[in-house]
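Keep in mind that this is a model prediction, so the values were computed, not measured.
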Amino acid sequence: MNIELIIKEKVAGAINALYGQSIEPSQVQVQLTRSEFEGDQTVMVFPFLKISKKSPEVTGAELGEYLAANVSEVSGYNVVKGFLNLSIDNQFYIDRLNEAVREEKYGFVPETASAELVMIEYSSPNTNKPLHLGHIRNNLLGFSLAEVMKANGYKVVKTNIVNDRGVHICKSMVAWQKFGKGETPETHGKKGDHLVGEYYVKFDQQYKSEIAELIAQGRSEEQAKEEAPSIVETREMLLKWEANDPEVRNLWKTMNGWVYKGFDETYKTLGVDFDKIYYESDTYTIGRDEVLRGVKEGIFQQESDSSVWANLEKEGLDKKILLRSDGTSVYITQDIGTAQLRYRDYPIDHMIYVVGNEQIYHFQVLSLLLDKLGYKWGKDLYHFSYGMVELPNGRMKSREGTVVDADDLVAGMVDVARAVSMELGKLEGYSEAEKEHIYHIVALGALKYFILKVDPKKTMTFNPEESIDFNGNTGPFIQYTYARIQSILRKANDTGVEVPSQAATESLNDKERNLLKIISLFPEVVKEAGTAHSPAVVANYVYDLVKEFNSFYHDHSILNEPDSAKRDFRLVVAQTVGKVIKNGFSLLGIEVPERM
RNA sequence: GGCCCGGUAGCUCAAUGGAUAGAGCAACAGCCUUCUAAGCUGUAGGUUCUUGGUUCGAUCCCAAGCCGGGUCACCA
């Protein structure tokens, strides 16, 4: 049981015993004592003044006296103004430490047979261009959130809806037909997703020049955009695609195949994966059928040009198109089909969509549409809406060529990790392959931590220079601490010193005590990360732990401690800190190296 | 314009309504014959955008304003 809950309960009991009033434990405000004061847990006495009808000092003292006398965990107290600072008995923290020692997955809630199932959709790329920095945030958040939910005892199904059809991919196809001359990833020596992305860019260039030409011929901009041959061709291709035209379908399969191969590589590099992948090409017709059912049932309206609309004005939103006048589907149509299919495939208790906050409106609409169509889970979908990633000079803009490519970014970070590591030269004895493995772990640790430590809801700035910094509040700093701990444990093993299976000591120095306090917090942190849907909570916690450990490491020797009882205790502490780092980082999808 | 989100040190970010608002980077000053210096210690750096309100207490809640971003497509 965590100390906060114990104190809340006991304070409620004390209020009752002292002043004859019963309050709920949840009404008691407890927090960690600030380091400049003596004590471990602080109780706010202000809220109880109306009950005690005494001054804050007196009330605090009376409560403190009672708690010290009646609660075994409370070893002492002091009162400063309206703050009652309680000192917690060392044994409590040592017990928590031993809990952490015993449990392999300390801090995690084990999955039970009756656990609820949460499906997490993330990544969800379009198949017309390679992944970029924005996708990286999505992928890292999605994967980490899945790990966090698992650690909170949920069954988790990670899913990916691939937007493999629609105008965007038709654009790449049109451009490839026009300019490709049969080029393939093999002939070009490029990843397939990058190759297809190049044709998407080429399409855009061609389209723009056509528009300019038409405008020069006297058309309005709007007209030009409608009539440009490229876009006309694209629309025709989409229709052919929906009509199952063999030639179009073949090209589509080929080009998407290139892209998938490229994506798989990127996913593998990032260390993310999925339990179930859906393809829009399989789900959009289900969505369309659902929309048409909606028309039949009078939920949606079909206009004279045969486009289909949902009127959400009553719900405070706009009218929303669901099917174009030519009968083709729009983005949201497939989301309806995908949702239906998923609920058919899995007994979903919670559905989480990891999608950027620019789509808040989209998910409000989706939720309402599903609800109107009669799905009880429509209202309950959870849009995990994260903020955009910006560069120091603003948003990434493909037009200005400022889009940061995912593969390039990772490769660059590995290069830096390699350079730093070689300069420090601490990996003697490792094979080249082992070294490369470490560089990869460190590079990804830097990237992932840099992104995940920020509150997901907030827009974040990605500064390439800072992201490859390996000092301070960074992933490699934490990994480094882990590696140091493993080094100590190896050395202990080499010299025949065994790490005890349980910690025993009577006295704790300040830094040992601080470490134990932080270790005892981990289970709460995991829980908090789950309820807040925030990997950042874990990242910040691990950083605090590691900072404290390094300070301890600096001030107190472990293996050279002459008192063997103290040495053994510190070994247990160090080992446990290592375990918490590893478990915490696993929630972020970050690996830890044995050496670095 | 309607709706949504944000504004904290020079920069990037923290801070369940609590005490003197904290870290890292950058700057400056120290610490390696001792378990990995990718480390540790210290100095400096703030009207928490503004003005009101709520209360014992507000960076946090409420209102208005200012600034920045998002969104409101027969795009995805």
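At a threshold of 4.0 angstrom between heavy atoms, the contacts of A:Met596 include nucleobase atoms, whether or not backbone atoms are also involved. Among the heavy atoms of the strands, none lies under 4.0 Å from A:Gln479. Using a 4.0 Å heavy-atom criterion, one finds that A:Arg595 contacts the bases of the nucleic acid, with or without backbone contacts as well. Among the protein residues, A:Asn85 comes within range of the nucleic acid bases, having at least one heavy atom under 4.0 Å from a base atom. Within the 4.0 angstrom heavy-atom criterion, only backbone atoms of the sugar-phosphate kind lie near A:Asn550; the bases stay farther away. Within the 4.0 angstrom heavy-atom criterion, only backbone atoms of the sugar-phosphate kind lie near A:Asp455; the bases stay farther away.
Counted within 6.0 Å of CD on A:Glu423, heavy atoms from surrounding residues, nucleotides or ligands total 12 or fewer; the atom is thus considered open. Counting non-hydrogen atoms of other residues, nucleotides and ligands closer than 6.0 Å to NZ of A:Lys457 gives a total of 12 or fewer. For A:Glu36, the CD atom counts as densely surrounded, since its 6.0 Å shell holds more than 12 non-hydrogen atoms of other residues, nucleotides or ligands. The local environment of CD in A:Glu498 is sparse, with at most 12 non-hydrogen atoms from other residues, nucleotides or ligands closer than 6.0 Å.
Closest contact between the side chain of A:Lys81 and the listed nucleotides B:U36, B:A19, B:G18 involves B:A19. Picking from B:A19, B:C56, B:A76 the nucleotide with the shortest atom distance to the side chain of A:Lys50 gives B:C56. Residue A:Asn560 has its side chain nearest to B:C35 when only B:C35, B:C72, B:C74 are considered. Closest contact between the side chain of A:Tyr480 and the listed nucleotides B:G17, B:G70, B:U36 involves B:U36. Considering only side-chain atoms of A:Pro47, the nucleotide from B:G18, B:U71, B:U36 that sits closest is B:G18. Considering only the side chain of A:Tyr553, B:U36 comes nearest among B:C72, B:G18, B:U36. Comparing atom distances between the A:Phe477 side chain and each of B:C40, B:C35, B:A37 picks out B:C40 as nearest. Candidate nucleotides B:G70, B:G18, B:A76 were compared by shortest atom distance to the side chain of A:Gln31, and B:G18 ranks first. Residue A:Thr461 places its side chain closer to B:C13 than to any other of B:C13, B:G18, B:A76. The side chain of A:Met460 approaches B:C13 more closely than any other nucleotide in the set B:A19, B:C13, B:G70.
At whole-Å resolution of the value, NE2 in A:His554 and C1' in B:C40 are 4 Å apart. A straight line from NZ of A:Lys457 to P of B:G6 spans 8 Å, rounded to a whole angstrom. Between A:Gln27 atom CD and B:G17 atom P there is a gap of 16 Å when expressed in whole angstrom units. Per the geometry, CZ belonging to A:Phe549 stands 13 Å off C1' belonging to B:C40, to the nearest Å. At whole-Å resolution of the value, NZ in A:Lys225 and P in B:C75 are 12 Å apart. Whole-Å rounding puts the A:Leu452 CG to B:A14 P distance at 12 Å. Rounded to whole Å, atom P of B:C3 lies 20 Å from atom NZ of A:Lys319. Atom CD in A:Gln359 sits about 13 Å away from atom C1' in B:A73, given to the nearest Å.
Distance check on atom P: B:G45 versus B:U54 gives 35 Å, rounded to whole Å. Of the P atoms belonging to B:U20 and B:C62, the separation is 25 Å, rounded to the nearest Å. Separating the P atom of B:U50 from that of B:G10 is a span of 14 Å, rounded to the nearest Å. Comparing B:G53 with B:G39, their P atoms are spaced 48 Å from each other, to the whole Å. Across B:U55 and B:A44, the matching P atoms stand 38 Å from one another, rounded to whole Å. Nucleotides B:C28 and B:G70 have their C1' atoms positioned 41 Å apart, rounded to a whole Å. B:A21 and B:U59: their P atoms are spaced 10 Å apart (whole Å). If you take atom P in B:C74 and the same atom in B:G68, they sit 29 Å apart, rounded to whole Å.
Proximity of A:Arg490 to the phosphate of B:U36: no side-chain N or O atom is located under 4.0 Å from OP1 or OP2. Here A:Lys320 does not reach the OP1 or OP2 of B:C74: none of its side-chain N or O atoms lies under 4.0 Å away. Distances shown here put every side-chain N or O of A:Ser307 at or beyond 4.0 Å from the OP1 or OP2 atom of B:C74.
Scanning both residues, A:Leu427 and A:Met596, for their nearest heavy atoms gives CD2-CA, 3.8 Å.
By the criterion of a centre-to-centre distance under 5.5 Å and near-parallel planes under 30°, the ring of A:Phe83 forms a stack with the base of B:A19. Both geometric conditions, a ring-centre gap below 5.5 Å and a plane tilt below 30°, are fulfilled for A:Phe37 over the base of B:A19.
Note on A:Lys582 versus A:Glu591: no salt bridge recorded, every NZ/NE/NH1/NH2 to OD/OE distance being 4.0 Å or above. A salt bridge does not link A:Glu548 with A:Lys517: none of the charged nitrogens is closer than 4.0 Å to a carboxylate oxygen. Using a 4.0 Å cut-off between charged side-chain N and carboxylate O, A:Asp494 and A:Arg490 make no salt bridge.
A cation-pi arrangement is found for A:Arg484 relative to A:Tyr553, the charged atom lying closer than 6.0 Å to the ring centre and inside a 45° cone about the ring normal.
Taking the O4'-C1'-N9-C4 or O4'-C1'-N1-C2 dihedral as appropriate, B:C32 has a value within 90° of 0 and is therefore syn.
Scanning atom types as modelled, no donor and acceptor separated by under 3.5 angstrom connect the side chain of A:Ser551 and the base of B:C40.
Of the two residues near RNA chain B, A:Arg324 and A:Val30, the one whose nearest nucleotide lies more 5' is A:Val30. Comparing A:Ala417 and A:Trp309 by the nucleotide of RNA chain B whose heavy atom lies nearest to each, the residue mapping closer to the 5' end is A:Ala417.
B:A44: no Watson-Crick or G-U partner with both key distances under 3.5 Å is found in any strand. Pair assignment for B:G24 gives B:C11, based on Watson-Crick or G-U wobble hydrogen-bonding distances that are each under 3.5 Å. If you check B:C61 for Watson-Crick or wobble pairing at under 3.5 angstrom, you find it paired to B:G53. Here B:C3 sits opposite B:G70 as a Watson-Crick or G-U wobble pair (both hydrogen-bonding atom distances under 3.5 Å).
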side-chain contact (heavy atoms from CB on, under 4.5 Å) for A:Glu242 and A:Tyr284? Distances and angles first, verdict last. CA-CA 10 Å; A:Glu242 292 211 7; A:Tyr284 83 103; 3.7 Å; yes
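Between A:Tyr482 and A:Phe585, the distance from one ring center to the other does not fall under 6.0 angstrom. Between A:His135 and A:His132, the gap from one ring centroid to the other is short of 6.0 Å.
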Counting primed atoms plus P, OP1 and OP2 as sugar-phosphate and everything else as base, spell out the protein contacts along nucleotides 22-29 of chain B at 4.0 Å heavy-atom distance: B, S or - for each nucleotide, 5' to 3'. SSSS----
